[in-house]
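Here it is, the structure in full.
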Amino acid sequence: MLMPRSPAESMLFATLRLEVLRNDGSTNLGTGFLFEYRPKRAQNDQTLPLLVTNRHLIQDSSTGHFTWHLAEAKQNLVVPSGKFFTVKIEALSKKFICHPDPRIDLCAMPYNLIRQAARAQGVNLFEAVFTEDLVLDSKELDKLDAVEDVLLIGYPIGLQDPLHNLPIVRRGITATHPGLDFDGQPIFLVDAACFPGSSGSPVVLANLGWYRDKHSGSLVVGSRLALLGVLFAGIQWEASGKLERVPIPTNVEIQIKTGVMAHLGLVVKAQEILRLASYIEDLVQTGQYKL
């Protein structure tokens, strides 16, 4: 089994395939990832791990199946064992909390609920997370160039490496500057192939080995990784010639449509994950949400 020895490899284990049964009996496939938030009122370095995905994937759902890596101790380290465990969560849409702004296609569920479900079955899960320090603030975003390399980690058309329970990584570039709010909203565009199953994919700035400083023009040796946002929709070109913004489909069944995806994905900025996490913290603190 692959042992995550780099930040990029850890991101593979922090991303998981979501199988969601909807109230109408259909099944949706999408992507989620673990994000570790540091509550502002936390004590003793307490964190609030969250499973983050798109609202449109979870809404009107009844049951979710999430397959995790099991953990084992090896040379005083906790590592993935190569074995897996599927966690079943009932009343799924009630467990997830939507972003307080209904225009933002994000939701999250405290990971503690999944941890409890696994421990009730006598198993321990291997936990890799995207950390809060991977989110760039506005000054750091301004340092980025107009075109940057990005990775999309997820499950396009439901694909994964089933033997190792790992996601698919696709490469693209920023199509609009991630420091700007596209059309006045906290989103930006990426030029990448966005297929059904990609909903909820983390979009990661990935300069591996070197990158160019846009101010000095000099080459910087080393890698730079950052969580830029979450894929939630794509631009679709209709046969009539009209461009429409549509959620990335979650159902991978063959359908006949006249619209064609333009390989432009819309990404909710990572700062909105922090706003959602802060909102969840408030709900937990006031007793409106029970962990």
Side-chain angles (χ1 to χ4, degrees), residues 2 4 6-19 28-35 51-54 56-57 66-67 69 105-106 128-130 134-136 144-178 182 187-211 223-237 245-254 259-270 273:
L2 176 70
S6 70
E9 289 179 342
S10 293
M11 291 177 185
L12 298 181
F13 288 88
T15 305
L16 70 152
R17 187 172 183 258
L18 307 184
E19 298 183 23
N28 282 348
L29 298 178
T31 303
F33 60 93
L34 293 186
F35 181 82
L51 174 58
V52 178
T53 189
N54 291 144
H56 78 261
L57 174 63
F66 315 140
T67 302
H69 294 265
D105 193 351
L106 278 182
V129 297
F130 286 83
L134 289 173
V135 179
L136 304 180
L144 300 183
D145 212 334
V147 180
E148 296 281 2
D149 291 327
V150 294
L151 303 177
L152 279 68
I153 308 172
Y155 303 89
I157 60 174
L159 286 176
Q160 66 174 149
D161 177 353
L163 178 62
H164 302 103
N165 189 35
L166 292 174
I168 305 299
V169 181
R170 307 202 68 168
R171 182 182 292 276
I173 60 171
T174 55
T176 63
H177 197 294
F182 180 75
I187 62 177
F188 66 96
L189 270 62
V190 292
D191 182 354
C194 306
F195 289 96
S198 298
S199 288
S201 293
V203 178
V204 178
L205 171 71
N207 302 134
L208 304 177
W210 65 274
Y211 59 95
S223 296
R224 181 174 60 169
L225 291 171
L227 177 60
L228 294 182
V230 184
L231 184 71
F232 76 97
I235 304 296
Q236 180 169 287
W237 177 50
R245 181 187 304 182
V246 298
I248 300 296
T250 54
N251 192 315
V252 296
E253 294 179 357
I254 296 175
V260 178
M261 299 303 290
H263 293 313
L264 287 172
L266 287 91
V267 182
V268 177
K269 289 187 175 183
I273 302 175

- Give the C-alpha distance, both sets of side-chain angles, the deciding distance and a yes or no for side chain to side chain contact (heavy atoms under 4.5 Å, CB included) between Val135 and Ile273. CA-CA 9 Å; Val135 179; Ile273 302 175; 5.8 Å; no
- Heavy-atom pair with the smallest gap, counting every atom of Asn54 and Val230: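 So the minimum-distance heavy-atom pair works out to ND2-CG1, 3.9 Å.
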- Message: Restricting to side chain to side chain contact (heavy atoms under 4.5 Å, CB included), what partner residues turn up for Ser201, sequence neighbours left out?
- Response: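 By the side chain to side chain contact (heavy atoms under 4.5 Å, CB included) rule, Ser201 matches Thr31, Ser198, Leu231.
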- Query: Quick one: side-chain hydrogen bond (donor to acceptor under 3.5 Å, both in side chains) partners of Thr67, sequence neighbours excluded?
  - Reply: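 Here the qualifying residues are Thr86.
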- Item | Least distance between heavy atoms, Leu144 atom then Arg224 atom |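 Looking at all heavy atoms of both residues, the shortest contact is CD2-NH1, 3.8 Å.
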- Message: Going by the rule side chain to side chain contact (heavy atoms under 4.5 Å, CB included), which residues pair with Arg171 if we only count those two or more places apart in sequence or in a different chain?
- Response: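 Residues passing side chain to side chain contact (heavy atoms under 4.5 Å, CB included) with Arg171: Asp149, Leu151.
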- Item | Residue pair Leu152 / Val203: nearest heavy atoms and the distance that separates them |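 Residues Leu152 and Val203, closest heavy atoms: CG-CG2, 4.2 Å.
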- Return the minimal non-hydrogen interatomic distance between His164 and His69, and the atom names on each side.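 Shortest heavy-atom separation between His164 and His69 comes out as O-CE1, 3.1 Å.
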- Those residues that, when tested against Ile168, pass side chain to side chain contact (heavy atoms under 4.5 Å, CB included) (two or more places apart):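 Result, side chain to side chain contact (heavy atoms under 4.5 Å, CB included) vs Ile168: Pro156, Leu159, Arg170.
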- Query: Under a 4.5 Å cut-off applied to non-hydrogen side-chain atoms, are Leu51 and Leu34 in contact?
  - Reply: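 Yes; the side chains approach each other to less than 4.5 Å.
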- Can you name the residues that form a side chain to side chain contact (heavy atoms under 4.5 Å, CB included) with Ser6, not counting sequence neighbours?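 For Ser6, the residues satisfying side chain to side chain contact (heavy atoms under 4.5 Å, CB included) (neighbours in sequence not counted) are Ala8, Glu9.
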- Looking only at heavy atoms, what is the nearest atom pair of Phe66 and Leu16, with distance?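 That closest heavy-atom pairing would be CB-CD1, 3.5 Å.
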- Is a donor on one side and an acceptor on the other found under 3.5 Å between the side chain of Asp105 and the backbone of Val268?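 Pair absent, no side-chain N/O of Asp105 close to backbone of Val268.
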- So which heavy atom on Leu227 is nearest to which on Ala270, and how close?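 Minimum heavy-atom separation between Leu227 and Ala270: O-CB, 3.2 Å.
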- Task: Name all residues meeting the ring pair (Phe, Tyr, Trp, His ring centres under 6.0 Å) criterion together with Phe33; count only those two or more places apart in sequence or in a different chain, and write none if there are none.
- Result: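 Ring pair (Phe, Tyr, Trp, His ring centres under 6.0 Å) check on Phe33 returns Phe130.
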- Output all residues satisfying side-chain hydrogen bond (donor to acceptor under 3.5 Å, both in side chains) with Asp145, sequence neighbours left out; order by chain, then residue number.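 By the side-chain hydrogen bond (donor to acceptor under 3.5 Å, both in side chains) rule, Asp145 matches no residue at all.
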- Item | Option passing side-chain contact (heavy atoms from CB on, under 4.5 Å) with Val204 (candidates Ile153, Val169, Leu134, Thr15) |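 Output: one option passes, namely Ile153.
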- Query: Are any side-chain N or O atoms of Thr176 and backbone N or O atoms of Phe188, one a donor and one an acceptor, separated by less than 3.5 Å?
  - Reply: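 No; judged by distance alone, with no hydrogens or angles, the pair does not exist.
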- Nearest-0.5 Å distance that lies between atom OH in Tyr155 and atom CG in Leu166: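 Separation between the atoms: 7.0 Å.
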